[in-house]
Amino acid sequence: MYPFVKLVVPLALGIITGDAVGSGLAVSWWWALTAIMFVLALAVHRSMYLQSLLLLVAVALLGATLVSEKETELLVSIPKEMVTYQAVLTSEPVAHGKVVQADLLVMGLKGTVKIKASILRDTVSHRYERLHVGDGIEAASYLEEPMNFSDATFDYARWLRLHGFGAETFIYHNQWRKVRVSLRSLSLFQRATLAARIYRQKLLGRLRNGIEGDDLAVIAAMTLGDKSLLRKDLKDDYSISGASHVLALSGLHLTVVYGLLLLVIDWLARCLPLVRRRGVGETVVLLAVWSYVMLVGFSPSVVRSATMLTVYAFVSVLNRDRLSVNTLALTAFIMLVANPLCLFDIGFQLSFMSVLSILMFYPLLFKMIPAVVLQRSVVVRWLWGMAAVSLSAQIGAAPLVAYYFGRFSTVFLVSSLIAVPGTTVILYMTLAMLLLPLSSLSGLLGQFLGRLAGWMNTSLHWLANVPGASIEGLHVSVGQVAVCYVMLLAGWLLASFYADRIEFR
């Protein structure tokens, strides 16, 4: 029933195996083993079961090969002495104590190297305040391999490597200067991504028209994927209340954008005959969706959503099942082949497990209230639908949240009734504000957005401070997480078996 599930599972197991082996086996050996297994699978075509088994093993070896090759690409030869280099800022500098932190793309060190830089703040001239994303600098510093502090519980060095950082550096205030840097050595994709991030900062500047403080931080995170303005206390309020998913761009946000684009295309189709042609409107919408994904920074959750929308648009032309477990598995397969390291990203794991859980448990939960009751009231049907989606997503994400954050929110159903409608309205109003030229109307929209975000922040802060709002201090092992998912799968199979035999009255 789900052919891509049969492919993505061994692919993921192979990626985990290849990552565990590390540099113990050369990439060329992985490729050789993969090729041999595929050849053996083709040779035993008379035995269907044996051929299927060998193909699954070959897919697992392919996963190990891809992750080994990716990790080899990230290995950077770091000079031991101080080096002088030119770089371009790929993120907006953020102040942290006595330093400002920014991502740099260094050129000239045997290609381009992405590094995490900490620049000492100059309290006299404040030159660091004139640094922005897209600026070029010339600096002299020591480059170091990513490493953790001795008492750290979070593997920060691995996180940096998984996100493409080859080194870290500390730059003194008198060891850098702004210069014009040539971008010819960058690829077309890197230059386009950099241009998108510069444009995002311009849009963020427009959002400041009537919005500031925590209100601006929440709106910027929800619409532009910029979390640099979020305070720790504000993040904790959303996390404890179970609403932190609205701060990470995902399917909810991209669906709103997709729906708005469809409305625009439908309106254009009435005026332009070209747009009415089959496939033209869908192509324009998908190009706009992926442009938005580039604008907000290619986070795994939003890439997953965009890939699913692309698959959704493609299979709709073929009149196939548009949204299913198989579609989700195909999306995961594409993303893992493109970048196998995203399997270890927390956002990737939470995003896929939440959507998978919704696809599995939502139909069962929604049917718990008889259709006769739901048809009597639109409000009851809407509230129960939202509660069922939230509960389904929480079922799939809870083991991972407990493992990574040691926390389980007990008020997530209430927070969803506040955060999801509020986020939807904020997305619509923000897009309208950004599309409108600077005027009194955009200023009024900004004031309204600020008040709405402020109301949502206040409500979730109050909810997070309710006694028993979350269960803290959970210590869950990998084995316990696996057991939880096995139990959830068993529960789903049992509930699905009896769902058609039980009538809820």
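Checking side-chain atoms of Arg197 against main-chain N and O of Ser91 turns up no donor-acceptor pair under 3.5 Å. A donor-acceptor distance shorter than 3.5 angstrom exists from the side chain of Arg161 to the backbone of Pro146, with no hydrogens or angles considered. Listed for the Ser392 side chain is a donor-acceptor partner under 3.5 Å among the backbone atoms of Tyr362. Side chain of Glu92 to backbone of Val133: a donor-acceptor contact under 3.5 angstrom is found. Under a 3.5 Å cut-off, the side chain of Ser250 and the backbone N or O of Val302 do not form any donor-acceptor pair. With Ser305 contributing its side chain and Ser301 its backbone, the two residues share a donor-acceptor pair below 3.5 Å. Counting only distance, with no hydrogens or angles, the side chain of Asn148 and the backbone of Ala157 share a donor-acceptor pair below 3.5 Å. Side-chain N or O atoms of Ser415 include one that pairs as donor or acceptor with a backbone N or O of Phe412 at under 3.5 Å. Remark: the backbone N or O of Leu341 is not paired with any side-chain donor or acceptor of Asp345 at under 3.5 angstrom. Using a distance-only test at 3.5 Å, with no hydrogens or angles considered, no donor-acceptor pair links the side chain of Trp30 to the main chain of Leu61.
For NE2 of His475, the number of neighbouring non-hydrogen atoms (other residues, nucleotides, ligands) closer than 6.0 Å is 12 at most. At most 12 heavy atoms of other shown residues, nucleotides or ligands fall within 6.0 angstrom of atom CZ in Phe4. The number of heavy atoms from other shown groups lying within 6.0 Å of CD (Gln480) is above 12. With a 6.0 Å radius and a threshold of 12 heavy atoms from other residues, nucleotides or ligands, Met487 has its CE atom at or below the threshold.
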**Item:** Worked verdict on Trp290 versus Thr310 for side chain to side chain donor-acceptor pair (under 3.5 Å)
**Value:** CA-CA 9 Å; Trp290 281 102; Thr310 305; 2.9 Å; yes

**Request:** List the steps and the verdict of side chain to side chain contact (heavy atoms under 4.5 Å, CB included) for Arg407 and Ser239.
**Result:** CA-CA 9 Å; Arg407 171 180 291 161; Ser239 177; 2.7 Å; yes

**Request:** Go through Leu40 and Val44 one step at a time and tell me if the side chain to side chain contact (heavy atoms under 4.5 Å, CB included) criterion holds.
**Result:** CA-CA 6 Å; Leu40 289 176; Val44 295; 5.9 Å; no

**Message:** Does His163 form a side chain to side chain contact (heavy atoms under 4.5 Å, CB included) with Lys116? I'd like the steps, not just the answer.
**Reply:** CA-CA 11 Å; His163 288 79; Lys116 179 71 72 172; over 6 Å; no

**Message:** I'd like to know whether Ile369 forms a side chain to side chain contact (heavy atoms under 4.5 Å, CB included) with Arg381, so could you lay out the CA-CA distance, the side-chain angles of the two residues, the decisive distance to 0.1 Å, and finally the verdict.
**Reply:** CA-CA 9 Å; Ile369 294 182; Arg381 186 166 64 250; over 6 Å; no

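Nearest heavy-atom pair, Thr307 versus Met335, reported as atom, atom and distance to 0.1 Å: OG1-CG, 4.2 Å. Scanning all heavy atoms of the two residues, the minimum distance from Gly164 to Leu74 falls at CA-CD2, 3.9 Å. Considering all non-hydrogen atoms of both residues, Thr223 and Tyr292 come closest at O-OH, 2.5 Å. A pairwise comparison of heavy atoms in Pro421 and Met386 identifies CG-CE, 3.9 Å as the closest pair. The two atoms that bring Lys70 and Pro340 nearest to each other are CB-CG, 4.1 Å, heavy atoms only. Summarising the geometry of Glu144 relative to Ile78, their closest heavy-atom pair is C-CD1, 3.8 Å, with the distance given to 0.1 Å.
Within the structure, salt bridge (Lys or Arg N to Asp or Glu O under 4.0 Å) contacts touching residues 287-303 (residues at least two apart or in different chains) do not occur.
Side-chain contact between Leu489 and Met360 is present, with at least one heavy-atom pair separated by less than 4.5 Å. Side-chain contact check for Leu413 versus Leu391: some heavy-atom pair is nearer than 4.5 Å. In this structure, the side chains of Leu254 and Leu249 stay at 4.5 Å or more apart for every pair of heavy atoms. Within the 4.5 Å cutoff, no side-chain heavy atoms of Thr34 are placed close to those of Met37. Side-chain contact check for Phe361 versus Gln394: every heavy-atom pair is 4.5 Å or farther apart. Counting heavy atoms from C-beta on, the side chains of Trp31 and Leu62 come closer than 4.5 Å. Residues Leu25 and Leu33 form a side-chain contact, since some pair of their non-hydrogen atoms from C-beta on lies under 4.5 Å apart. With contacts defined as side-chain heavy-atom distances shorter than 4.5 Å, the pair Val57/Pro10 does not qualify.
Taking the six-membered ring where tryptophan is involved, the planes of Phe348 and Phe352 are tilted, since the angle between them lies from 30° to 60°. Relative orientation of the Trp159 and Phe165 rings is parallel, given thresholds of 30° and 60° on the angle between their planes.
Exactly one of Asn465, Val466, Thr458 qualifies for a side-chain contact (heavy atoms from CB on, under 4.5 Å) with Trp462. That residue is Val466. Partner of His253 under the side-chain contact (heavy atoms from CB on, under 4.5 Å) criterion, chosen from Ile426, Thr424, Thr423: Thr423.
Considering CG of Asp236 and OG of Ser244, their distance stands at 10.5 Å, rounded to 0.5 Å. Atom NZ of Lys232 and atom CG of Leu234 lie 11.5 Å apart (nearest 0.5 Å). Distance check: Leu104 CG to Thr112 OG1 gives 12.5 Å after rounding to the nearest 0.5 Å. Separating the CG atom in Leu286 from the OG atom in Ser291 is a distance of 10.5 Å, to the nearest 0.5 Å. A distance of 11.0 Å separates CD1 in Ile219 from CG in Leu229, rounded to the nearest 0.5 Å. A distance of 9.0 Å separates CG of Asn339 from CG of Leu162, quoted to the nearest 0.5 Å.
The closest side-chain donor-acceptor pair between Ser228 and Asp226 falls under 3.5 angstrom. A donor-acceptor contact closer than 3.5 angstrom is absent between the side chains of Thr65 and Ser68.
Legend: residues meeting side-chain hydrogen bond (donor to acceptor under 3.5 Å, both in side chains) with Gln349, ordered by chain and number and at least two apart, are Tyr404. Residues meeting the salt bridge (charged side-chain N to carboxylate O under 4.0 Å, His left out) test with Arg158, sequence neighbours left out: Asp19.
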